[in-house]
Every structure is written in C-alpha cells, then in structure tokens.
*Asks:* 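Structure in structure tokens, see below.
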Amino acid sequence: QVQLVESGGGSVQAGGSLRLSCRLSGATVVNKAWFRQAPGKEREGIASLYGTGGATNYADSVKGRFVISQDKAKSTMYLQMDSVDPDDTGMYYCAASRWGYLTAAQSLLPASYDYWGQGTQVTVSS
C-alpha cells in the first residue's frame with residue numbers, strides 16, 4: 001500500500017510562485033504525477049515523473065512555468081509553480097503507481113495511477 005500526503009497549497013497572487021510537496025510512503029513507486037481539478041471540470045494531468053529513468057512530461061497549459069522534481073532521500077515529490085495565473089486555481093493531487101510502463105501521454109492520464117493523495121487547494125487571485 002502507498003500513502004501520499006500533499007502540502008504547500010494556499011492563496012497566491014497572479015504572477016507569483018508556490019511549491020507543492022507530496023510525501024510518499026509505504027512502498028516503492030515507479031510512476032508519479034501531479035493532477036489538478038477546477039470546480040466543474042475534469043481532473044487534468046499537468047506534470048509527471050515516470051519510468052525507472054525518471055522521464056518528465058508536462059501539459060501544455062503549464063509547460064515552461066511548472067517543474068516537477070523529487071528528493072528520493074526524503075521520499076518527496078515537488079511541483080514548483082511559477083508565473084501562476086487565475087486559471088491555475090483548483091485542487092491539486094499527487095498520484096502514484098507501483099509498476100507499469102507508461103508512454104508520455106499515458107503518464108498524464110488519471111487511469112494510469114492507483115494511489116492518490118487527499119489534495120491541496122491552490123487559489124490564484126488576479
């Protein structure tokens with residue numbers, strides 16, 4: 001069993017920065033990702049860190065502004081969010097799967113992951 005706990009959400013003004021953390025425990029995972037869900041919208045994959053080689057992929061909506069990374073010693077994954085805008089508002093979730101080969105596209109799909117955190121809210125004001 002894998003447990004994930006997000007932290008770091010909050011309120012920020014447009015143009016600002018925020019760093020989310022996701023603490024993983026319980027078992028080794030191969031694929032990890034960040035998702036977000038705005039009210040009334042579907043859950044969207046925005047950044048992934050997948051495969052044994054640690055490849056990354058980003059949704060076009062965050063490419064060049066967000067960076068996914070990990071600190072294996074701390075069993076923690078991060079999402080550095082820069083130049084945020086109101087469209088980035090939503091609940092942010094981290095997700096993981098213990099095995100399975102994923103393509104870049106698959107790494108941003110909710111169905112590719114078995115374990116989810118409880119979410120952390122991000123609100124960007126204009």
*Asks:* Can you give me the closest heavy-atom contact between Gly8 and Leu18, atom names plus distance?
*Replies:*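 Closest approach of Gly8 to Leu18, heavy atoms only: O-CG, 3.6 Å.
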*Asks:* Does any donor atom in the side chain of Ser17 or Asp82 lie under 3.5 Å from an acceptor atom in the other side chain?
*Replies:*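 There is such a pair between these side chains.
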*Asks:* Quick one: does Thr89's side chain have a donor or acceptor within less than 3.5 Å of a partner on Val124's backbone?
*Replies:*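 Flag set: sc Thr89 to bb Val124 pair under 3.5 Å.
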*Asks:* Are Tyr92 and Val29 linked, directly or through intermediate hydrophobic residues, by side-chain heavy-atom contacts shorter than 4.5 Å (ILVMFWY only)?
*Replies:*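 Hydrophobic grouping puts Val29 with Tyr92.
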*Asks:* For a quick test of reading the model, state the closest non-hydrogen atom pair linking Arg65 to Ser83 and the distance between them.
*Replies:*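 Shortest heavy-atom separation between Arg65 and Ser83 comes out as NH1-O, 3.0 Å.
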*Asks:* Does Val2 reach the side chain of Arg98, with side-chain heavy atoms less than 4.5 Å apart?
*Replies:*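 In contact.
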*Asks:* Say whether, by atom type as modelled, one donor and one acceptor occur between the side chain of Tyr78 and the main chain of Val67 under 3.5 angstrom.
*Replies:*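 Side chain of Tyr78 to backbone of Val67: no pair is present.
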*Asks:* Looking at Gln13 and Ser125, would you say the former's side chain and the latter's main chain have a donor-acceptor pair under 3.5 Å?
*Replies:*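 Not confirmed, Gln13 side chain does not pair with Ser125 backbone.
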*Asks:* Consider only side-chain heavy atoms of I, L, V, M, F, W and Y, link residues closer than 4.5 Å, and tell whether Leu49 and Tyr115 are in one cluster.
*Replies:*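 Leu49 clusters together with Tyr115.
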*Asks:* Just how far is it from atom CH2 of Trp34 to atom CE of Met77, taken to the nearest 0.5 Å?
*Replies:*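 Trp34 CH2 to Met77 CE: 5.0 Å, rounded to 0.5 Å.
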*Asks:* Looking at Glu6 and Cys94, would you say the former's side chain and the latter's main chain have a donor-acceptor pair under 3.5 Å?
*Replies:*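 Judged by distance alone, yes, a pair lies under 3.5 Å.
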*Asks:* So, the side chain of Ser112 versus the backbone of Gln106: is there a donor-acceptor pair under 3.5 Å, distance only?
*Replies:*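 Yes.
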*Asks:* May I ask you to test the Ile46-Leu79 pair for a side-chain heavy-atom distance under 4.5 Å?
*Replies:*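 The answer is yes; the side chains approach within 4.5 Å.
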*Asks:* Step by step, would you call Met81 with Val12 a side chain to side chain contact (heavy atoms under 4.5 Å, CB included)?
*Replies:* CA-CA 11 Å; Met81 305 168 59; Val12 61; over 6 Å; no
*Asks:* Around atom CD of Gln118, are there more than 12 heavy atoms of other residues, nucleotides or ligands at under 6.0 Å?
*Replies:*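 Counting neighbours around CD of Gln118, more than 12 heavy atoms of other residues, nucleotides or ligands fall under 6.0 Å, so yes.
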*Asks:* So which heavy atom on Asp114 is nearest to which on Ser97, and how close?
*Replies:*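 Nearest heavy atoms, Asp114 then Ser97: OD2-CB, 3.8 Å.
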*Asks:* Nearest 0.5 angstrom please: Met91 CE to Arg36 CZ, how far?
*Replies:*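 Between Met91 CE and Arg36 CZ, I get 14.0 Å after rounding to 0.5 Å.
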*Asks:* Give the C-alpha distance, both sets of side-chain angles, the deciding distance and a yes or no for side chain to side chain contact (heavy atoms under 4.5 Å, CB included) between Leu24 and Gln70.
*Replies:* CA-CA 10 Å; Leu24 296 95; Gln70 63 179 344; over 6 Å; no
*Asks:* Going by heavy atoms in the side chains, are Cys22 and Lys32 under 4.5 Å from each other?
*Replies:*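 Side chain of Cys22 against side chain of Lys32, heavy atoms only: no contact under 4.5 Å found.
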*Asks:* Could you check whether atom NZ of Lys74 has more than 12 heavy atoms from other residues, nucleotides or ligands sitting under 6.0 Å from it?
*Replies:*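 For Lys74, atom NZ is not crowded (no more than 12 foreign heavy atoms under 6.0 Å).
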*Asks:* Within a 6.0 Å radius of atom CD on Gln80, are there more than 12 heavy atoms belonging to other residues, nucleotides or ligands?
*Replies:*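 More than 12 heavy atoms, drawn from other residues, nucleotides or ligands, come within 6.0 Å of this atom.
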*Asks:* Please round to the nearest 0.5 Å and tell me the distance separating atom CG of Leu4 and atom OH of Tyr93.
*Replies:*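 Going from CG on Leu4 over to OH on Tyr93, the span is 13.0 Å.
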*Asks:* As an exercise, state the distance from OG1 of Thr52 to CH2 of Trp99, rounded to the nearest 0.5 Å.
*Replies:*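 Answer rounded to 0.5 Å: 15.5 Å.
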*Asks:* So, for Ser126 and Ala14, which heavy atoms are closest and what is the spacing to 0.1 Å?
*Replies:*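 Taking every non-hydrogen atom into account, CA-CB, 4.2 Å.
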*Asks:* If we ignore hydrogens and angles and just use 3.5 Å, is the side chain of Asn31 paired with the main-chain N or O of Ala96 as donor and acceptor?
*Replies:*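 No; judged by distance alone, with no hydrogens or angles, the pair does not exist.
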*Asks:* Kindly give the heavy-atom pair with the smallest separation between Phe35 and Pro110, and that separation in Å.
*Replies:*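 Shortest heavy-atom separation between Phe35 and Pro110 comes out as CE2-N, 3.5 Å.
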*Asks:* Working note: Tyr58 + Leu108, criterion side chain to side chain contact (heavy atoms under 4.5 Å, CB included); need CA distance, chi angles, decisive distance, verdict.
*Replies:* CA-CA 8 Å; Tyr58 296 91; Leu108 294 180; 6.0 Å; no
*Asks:* Please round to the nearest 0.5 Å and tell me the distance separating atom CD of Gln3 and atom OG of Ser75.
*Replies:*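 Gln3 CD to Ser75 OG: 11.5 Å, rounded to 0.5 Å.
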*Asks:* Any chance you could measure Ile68, atom CD1, to Leu20, atom CG, to the nearest 0.5 Å?
*Replies:*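 So the gap between those two atoms works out to 10.5 Å.
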*Asks:* Tell me, with the steps shown, if Tyr113 and Leu102 meet side chain to side chain contact (heavy atoms under 4.5 Å, CB included).
*Replies:* CA-CA 10 Å; Tyr113 298 91; Leu102 299 179; 3.9 Å; yes
